[in-house]
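Everything on this sheet refers to the single structure shown next.
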Amino acid sequence: MSTPKNEPTLSAEIFPDRQLITLSCMLALLIAVISWFALSAQTDITIDRLLDRGMTVMDGIERLTSYLTNLTILLSAVGFSALALPGTNPASRFFRKPQVITAVVAYMIFVGIAYNLLLRQLWQPTGFRALVNESLHTVTPLLALVYWIFFVPRFQPSLKKCLLWLVYPLGYLSITLWRGGSSGFYPYPFINVRDLGYPHVLLNATGLFTGFLVLMGLLLIINNAGKNLLLRR
């Protein structure tokens, strides 16, 4: 996939200062490492818990992929690994596009905000689980936001590409409701059709989707008008 000439990429052309290149790679690598750690640890915790209940490894993987957090941390791990490591493979070229990595950051921030506002009070993990939980829902979203502010160049957004940002959350919701209808398992209480019914769940989903649109809008406003205030070119 080629990049249009008028759309910058995350490269030495954007950061001619070698020190800035090094800092951006180091931060991307840190986010990637934390993301892979959190995903690996969460995978181990989930599978062990379900094995203790007499279920299988495949059941654990299916349960793991039911959560938006886990899917988003996988996206973070892959995306920031592509940014941190040298190479011109298709994955690196894809994630180096400012609109692409901005979408990934938006998903991460959304997951962090949704968890801390809606779910944090539901359980209080301790010890290693608390470390994994904070890595998933607080540390990586904040570090991703810092990376976006300082190391993702301004870009010219297009309606078509911005609409593509919505495929991920809408696809997740559709698949989750379909899977829940088959298995009876819903990963989050606010989309639990068994307890709330479809009208209430769709109302909750509309509220969350509106929140994501607001977040998208804020990032685009900052991209268009606020980058100079954040010491961007």
Side-chain angles (χ1 to χ4, degrees), residues 1-4 7-47 60-61 64-115 128-129 131-155 161 164-165 167-169 171-172 212 215-216 219 223 232:
M1 296 176 65
S2 61
T3 302
E7 181 177 305
T9 57
L10 282 67
S11 67
E13 295 177 358
I14 299 301
F15 302 115
D17 189 321
R18 192 170 296 275
Q19 184 177 7
L20 285 177
I21 297 174
T22 301
L23 287 174
S24 67
C25 289
M26 289 177 61
L27 182 54
L29 181 60
L30 176 62
I31 297 170
V33 169
I34 296 174
S35 298
W36 284 118
F37 156 75
L39 179 63
S40 300
Q42 187 62 37
T43 300
D44 185 62
I45 291 170
T46 301
I47 291 177
I61 294 175
L64 187 77
T65 58
S66 297
Y67 289 88
L68 183 63
T69 296
N70 298 330
L71 297 175
T72 305
I73 205 69
L74 173 60
L75 189 61
S76 168
V78 173
F80 280 98
S81 293
L83 295 179
L85 302 176
T88 57
N89 57 77
S92 293
R93 292 197 299 270
F94 178 72
F95 284 104
R96 287 179 185 275
K97 295 181 179 181
Q99 290 212 54
V100 172
I101 195 60
T102 300
V104 174
V105 171
Y107 303 145
M108 296 172 68
I109 296 172
F110 178 75
V111 164
I113 292 174
Y115 175 81
F128 183 69
R129 288 197 176 189
L131 175 64
V132 174
N133 188 61
E134 294 307 319
S135 298
L136 288 167
H137 300 109
T138 305
V139 177
T140 51
L142 287 176
L143 289 177
L145 178 60
V146 171
Y147 183 93
W148 182 79
I149 290 172
F150 290 103
F151 297 114
V152 176
R154 293 177 64 179
F155 59 90
K161 290 182 178 179
L164 289 176
W165 292 15
V167 172
Y168 179 67
Y172 170 80
F212 181 73
L215 175 61
M216 275 183 58
L219 291 179
N223 172 76
R232 298 306 314 277

Determine, stepwise, if the pair Asn133 / Tyr115 fulfils side-chain contact (heavy atoms from CB on, under 4.5 Å). CA-CA 10 Å; Asn133 188 61; Tyr115 175 81; 2.9 Å; yes
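- Atom CZ in Arg129 sits 12.5 Å away from atom CG in Leu136 (nearest 0.5 Å).
- The distance from the CE atom of Met108 to the OG atom of Ser35 is 5.0 Å, given to the nearest 0.5 Å.
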Does Ser76 form a side-chain contact (heavy atoms from CB on, under 4.5 Å) with Ile31? I'd like the steps, not just the answer. CA-CA 8 Å; Ser76 168; Ile31 297 170; 3.8 Å; yes
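- Taking every heavy atom of both residues into account, Arg96 and Leu85 meet most closely at NH2-O, 3.4 Å.
- Within the structure, ring pair (Phe, Tyr, Trp, His ring centres under 6.0 Å) contacts touching residues 66-88 (residues at least two apart or in different chains) are Tyr67-Tyr188, Phe80-Tyr147.
- A donor-acceptor pair shorter than 3.5 Å cannot be found between the side chains of Trp165 and Thr102.
- Leu131 CG to Ile34 CD1: the interatomic distance, rounded to the nearest 0.5 Å, is 9.5 Å.
- Put simply, OH on Tyr172 and OG1 on Thr65 are 9.0 Å apart, with the number rounded to the nearest 0.5 Å.
- With 3.5 Å as the limit, one finds a donor-acceptor pair spanning the side chains of Tyr168 and Thr72.
- Relative orientation of the Phe37 and Phe128 rings is perpendicular, given thresholds of 30° and 60° on the angle between their planes.
- For the pair Phe150/Ser24, no side-chain contact is recorded, criterion being any heavy-atom separation below 4.5 Å from C-beta on.
- Note: Leu215 CG to Phe110 CZ = 8.0 Å, rounded to the nearest 0.5 Å.
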Step-by-step side-chain contact (heavy atoms from CB on, under 4.5 Å) determination, Ile113 to Phe212: CA-CA 10 Å; Ile113 292 174; Phe212 181 73; over 6 Å; no
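- Looking at Asn70, its side chain does come within 3.5 Å of a backbone N or O of Leu64 through a donor-acceptor pair.
- Residues Ala77 and Ala32 come closest through the heavy atom pair O-CB, 4.1 Å.
- Here the side chain of Tyr107 pairs no donor or acceptor atom with the backbone of Leu68 at under 3.5 angstrom.
- For the pair Thr140 (side chain) and Ser135 (backbone), a donor-acceptor distance under 3.5 Å is present.
- For the pairing with Val104, the side-chain contact (heavy atoms from CB on, under 4.5 Å) check across Ile109, Leu75, Leu83, Val78 returns one residue only, Leu75.
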Begin with the C-alpha distance, continue with both residues' side-chain angles, and end with the deciding distance and a verdict on side-chain contact (heavy atoms from CB on, under 4.5 Å) for Asn223 and Leu219. CA-CA 6 Å; Asn223 172 76; Leu219 291 179; over 6 Å; no
